[in-house]
Amino acid sequence: MRRAKPDPSSGSSPAEDDAILSGLRSGSKEARAALAGELAGPLLRVARRLVGDQDAQDCVQDALLQAFRNVDRFEGRSSLRTWLYRIVVNAGLQRLRARGRNREDALENPYSEFDASGCRMVADVGDLPGVEDLLLRKETRDCVRAAIDELPADYRAVIVLHHLENHGIGEVADLLDITPGAAKMRLHRARLALAAALEPVFRGACE
Amino acid sequence: MKRRIRGVIMGRLPGMITCRALDEFIVDYLEGALAENDRVLFERHIRFCPDCRRYLARYRVALEAGERILSEMDEPVPQELVEAVLAAVTSREP
Ligand SMILES: [Zn+2]
């Protein structure tokens, strides 16, 4: 299921990195243009996945300008690219949160419910069609799209980073500065929200 | 098997886990990241519990449908957007 992961740190040698870094430190316009030219595309890709076109542009511009301004704070523990990637991801998350879809309590009614002895209660609706068949129905696609749009900011970020950007759970946790346990919980809750949204489709498809 | 009886069996017998406990494993299970021992517990539970079998099937479908729709919505970054960012960050002093 995993695709090859684009490595944000690939594409240039450490020597080139050093040259760009010292250029940035001395305020060189060429160094800024070189870095922006290389990274604008990849950074826009992740930002768009998180927040869409309009906000993506602002996220990436702000991140690059911030990097130019604060290059002295860059400690060199990660590559310049990883550092910028992290700034963009967090800027995107902040914008998502600012849109107000941060009500995790909207998902208080979880898809998985248990009785007193810890037993799950799932309605038996017969055999489920495969995902291919389900996705042929417009109803399914609309349902999934709406559910994705409704996801709280933190859940959307985890889904995008894991399923589109192909980061493992540990990397997602690291990027968002949360524990791996919290990253798993968000991923799980986000999937439950999708499953809950799809329940009418499941029932309809099995009838 | 009646759900209540199953609950007692799953909750008390060694080598069995409850449905509730299954949820704690499900993300790692689908990542292929469960320790061997836990994977055995997970799969044994699924074998004995029709409710969790249905749940896992729907969970998987939801996850795959979500991933699919997200990738479909994911178009290449328009060149104008790249140009706009480049213009903005190189034209002004940071
Ligand atoms: Zn069960």
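Note on naming: letters A, B, ... go to the chains in the order of the sequence lines (proteins, then strands), and numbering restarts at 1 for each one.
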Return the NZ to OG distance between A:Lys29 and B:Ser91, rounded to the nearest 0.5 Å. 8.0 Å
Mind checking the CD-CG spacing from B:Gln79 to A:Leu44? Nearest 0.5 Å is all I need. 10.0 Å
If you compare all heavy atoms of A:Phe202 against all heavy atoms of B:Val61, which two are closest, and at what distance to 0.1 Å? CE2-CG1, 3.7 Å
The residue among B:Leu30, B:Ile26, B:Val27 that forms side chain to side chain contact (heavy atoms under 4.5 Å, CB included) with A:Leu187 is B:Val27
Could you go through B:Val85 and A:Leu64, starting from their C-alpha distance and side-chain angles, then the distance that decides it, and tell me whether this counts as side-chain contact (heavy atoms from CB on, under 4.5 Å)? CA-CA 9 Å; B:Val85 166; A:Leu64 284 167; 4.0 Å; yes
Assess, by modelled atom type and distance only, whether the side chains of B:Glu31 and A:His162 contain a donor and an acceptor separated by less than 3.5 Å. yes
Given a strict heavy-atom distance threshold of 4.5 Å, which part of B:Arg68 is in contact with chain A: side chain, backbone, both, or neither? side chain
For A:Leu128 and B:Arg58: C-alpha separation, side-chain torsions, deciding distance, then whether side-chain contact (heavy atoms from CB on, under 4.5 Å) applies. CA-CA 8 Å; A:Leu128 203 61; B:Arg58 292 186 219 188; 3.8 Å; yes
State the OG1-CZ distance between B:Thr18 and A:Arg120, to the nearest 0.5 angstrom. 9.0 Å
Tell me, for B:Leu81 versus chain A, whether the close heavy atoms (under 4.5 Å) come from the side chain, the backbone, both or neither. both
Of the listed A:Ala40, A:Gly118, A:Ala36, A:Ala195, the one with the largest count of heavy-atom pairs under 4.5 Å with chain B is A:Gly118
Quick one: does B:Ile69's side chain get under 4.5 Å of A:Thr140's, heavy atoms only? no
Using non-hydrogen atoms and a 4.5 Å limit, figure out which bit of A:Glu199 sits close to chain B: side chain, backbone, both or neither. side chain
Between A:Arg48 and B:Glu75 (side chain of the first, backbone of the second, donor and acceptor by atom type, cut-off under 3.5 Å), is there such a pair? yes
Could you check if a side-chain atom of B:Leu63 sits within less than 4.5 angstrom of a side-chain atom of A:His163, using non-hydrogen atoms only? yes
If I measure from the heavy atoms of chain A, does B:Pro50 come under 4.5 Å with its side chain, its backbone, both, or neither? neither
Chain B contact via A:Asp53 - side chain, backbone, both or neither, heavy atoms under 4.5 Å: both
For the residue pair A:Asp115 and B:Arg20, what are the closest heavy atoms and their distance? O-NH2, 3.9 Å
Between A:Ile148 and chain B, which part of the residue has a heavy atom less than 4.5 Å away: side chain, backbone, both or neither? side chain
Which region of B:Asp23, side chain (C-beta onward) or backbone (N, CA, C, O), has a non-hydrogen atom less than 4.5 Å from a non-hydrogen atom of chain A, or is it both or neither? both
Can a salt bridge be assigned to the pair A:Lys184 and B:Glu24 using a cut-off of 4.0 Å between side-chain N and carboxylate O? no
Spacing of B:Met73 atom CE and A:Leu164 atom CG [to the nearest 0.5 Å]: 8.0 Å
What heavy-atom pair brings B:Ala65 and A:Leu198 nearest, and what distance separates the two atoms? CB-CD1, 4.3 Å
Residue part contacting chain A, namely of B:Leu70, when any heavy atom lies under 4.5 Å: both
Could you measure the distance from the CG atom of B:Asp74 to the CD atom of A:Glu165? Nearest 0.5 Å is fine. 8.0 Å
Within a reach of under 6.0 Å around CD of A:Gln54, are more than 12 heavy atoms found that belong to other residues, nucleotides or ligands? no
How far apart are the closest heavy atoms of A:Leu192 and B:Tyr55, and which atoms are they? CD2-OH, 3.4 Å
